[in-house]
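Structure, as structure tokens:
Please read all numbers here as calculations on a predicted model, not as lab measurements.
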Amino acid sequence: MPFRQRHRRLPPLNALRAFEAAARHLSFSAAAEELNVTLSAVSHQIRHLEEVLGVPLFLRSPRGLRLSEEGALLLPGFTLGFDHLAEAVAKLADRKTEGVIAISMLSTFAMHWFIPRLPHFQGLHPDIDVRIATSSNPTEIDRDGFDCAIRYGKGEEWPGQSVTRLFAETLVPVCTPVLAQSLVTPADLMKVKRLHARLRRDDWALWAVAAGLISAPGFEPSAGPIFDTRSLVIQAALQGLGVAVLDPILVADHLDTGRLVRPFDVSSLQGGAYWLVCPPARAETPRLRALRSWLLEEAAGTLIL
């Protein structure tokens, strides 16, 4: 007899979800954690489903939980059905946000590189809204609801993701012109305060290696004031509180206007780079292709001093 949707009769959806999760994990407690409900709620829903169907769905033994024949017969179809439901909801979500890009990045990169260039992107793509979230902690792009992220690393830190290299990071010392007058050689840095970002405490040591300063008597690369972000380090440098070691792309405007200067020509190429990181399923959507193309164009025009 042909299946007719209008005559579809199913047990309660919550009971089906509880069974499918418990059967997949072969664990009631794991199902409860996945569904964010109590263990007793999962047990109750499965017991109710067994009563409705009139068959046992699980068998308990000293070796643990296993599916009954009836449970094993139901599981593939239930899993496929919930997968189809999830895909349908995802398609609707994508359609509702097809003109939005949610992107995660570090606050300093957002403030000093991305946002100053954002009007150009909006002029090219006025139909795409960019939503920016900043964090110093790694995020799970899919789990946390982002379409993509801009991250710093070597490109190997995000297995299973689509990654596009934007540009490498370089470190150079920067300070006010007044402070620079007292800096003739890198050794003169021992006379002034060196400014540090909390999560970038090794940057001075890395630059000191390139400058041949790391083994100088009395040079302590980690000495000096510590600030929570590189944005605060930039502000401290602008106020003449000391010398910062930064990627010049983050202070390009201040270097152009002369508010900050480079007291030495020595730079250190770190080996790391900024990357656009996307889930493969989203990487080729029109809005992500537009963002990636624009980022690569902007990166190619970024002056590494």
Side-chain angles (χ1 to χ4, degrees), residues 3-98 100-104 131 133 135-149 151 153 155-163 275 277-285 288:
F3 176 75
R4 297 180 181 177
Q5 289 189 353
R6 65 178 180 273
H7 292 155
R8 180 185 292 145
R9 300 178 62 182
L10 294 172
L13 183 60
N14 284 341
L16 299 181
R17 291 182 68 212
F19 164 73
E20 194 274 336
R24 239 185 318 108
H25 293 291
L26 286 180
S27 167
F28 283 15
S29 59
E33 183 176 354
E34 176 182 320
L35 299 175
N36 197 28
V37 298
T38 64
L39 178 61
S40 62
V42 170
S43 298
H44 172 77
Q45 292 291 350
I46 291 175
R47 186 165 56 250
H48 176 61
L49 182 60
E50 288 176 327
E51 292 173 354
V52 170
L53 298 176
V55 294
L57 299 175
F58 293 95
L59 300 176
R60 295 165 179 79
S61 69
R63 290 183 295 179
L65 193 68
R66 60 189 179 91
L67 287 168
S68 68
E69 290 185 11
E70 293 83 0
L73 180 67
L74 291 175
L75 178 60
F78 281 14
T79 298
L80 183 62
F82 281 115
D83 285 345
H84 285 325
L85 287 173
E87 288 173 7
V89 172
K91 287 179 181 177
L92 177 60
D94 284 344
R95 182 176 179 182
K96 290 173 66 178
T97 60
E98 62 186 6
V100 175
I101 295 176
I103 182 170
S104 168
R131 298 177 183 174
S135 172
S136 60
N137 298 316
T139 60
E140 293 292 338
I141 299 174
D142 280 324
R143 184 197 67 193
D144 295 338
F146 295 107
D147 295 295
C148 59
R151 291 286 178 260
E156 303 170 351
E157 298 87 340
W158 312 283
Q161 301 292 318
S162 172
V163 296
W275 301 78
V277 184
C278 308
R282 300 184 187 180
E284 296 306 320
T285 60
L288 262 296

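- Taken to the nearest 0.5 Å, the CG atom of Leu57 stands 7.5 Å off from the CD atom of Glu70.
- If you take CG on Asn14 and CD1 on Ile46, they are separated by 12.0 Å, rounding to the nearest 0.5 Å.
- Within a 6.0 Å sphere centred on CD of Glu51, heavy atoms belonging to other residues, nucleotides or ligands number more than 12.
- Proximity of Phe58 to Leu67: side-chain heavy atoms (C-beta onward) are separated by under 4.5 Å at one or more points.
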**Message:** Apply side chain to side chain donor-acceptor pair (under 3.5 Å) to residues Ser162 and Arg282 and explain how you reach the verdict.
**Reply:** CA-CA 9 Å; Ser162 172; Arg282 300 184 187 180; over 6 Å; no
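- Among all heavy-atom pairs drawn from Gln161 and Val277, the shortest one is CB-CG1, 3.7 Å.
- Note that CG of Leu53 is 9.5 Å distant from NE2 of His48, once rounded to the nearest 0.5 Å.
- Rounded to the nearest 0.5 angstrom, Leu85 CG and Leu13 CG are separated by 7.5 Å.
- Taking each heavy atom of Leu288 and Cys278 in turn, the nearest pair found is CD1-SG, 3.6 Å.
- Across all non-hydrogen atoms, the minimal contact from Cys148 to Ile101 is SG-CG2, 4.1 Å.
- The two residues Phe19 and Gly71 have their closest heavy-atom pair at CZ-O, 3.5 Å.
- Under the side chain to side chain contact (heavy atoms under 4.5 Å, CB included) criterion, Ala21 pairs with Arg24, Ala31, Glu34, Leu35, sequence neighbours left out.
- Residues Gly153 and Glu157 share a closest heavy-atom pair of CA-OE2, 3.2 Å.
- Ser27 is not listed as a side-chain neighbour of Leu65, based on a closest heavy-atom distance of 4.5 Å or more.
- Rounded to the nearest 0.5 angstrom, Arg131 CZ and Ser104 OG are separated by 15.0 Å.
- Residue Leu49 holds its CG atom at 14.0 Å from CZ of Arg17, rounded to the nearest 0.5 Å.
- Atom CG of Asp83 sits in a crowded spot, with more than 12 heavy atoms from other residues, nucleotides or ligands closer than 6.0 Å.
- The heavy-atom pair separating Val42 from Phe28 by the smallest distance is CG1-O, 4.1 Å.
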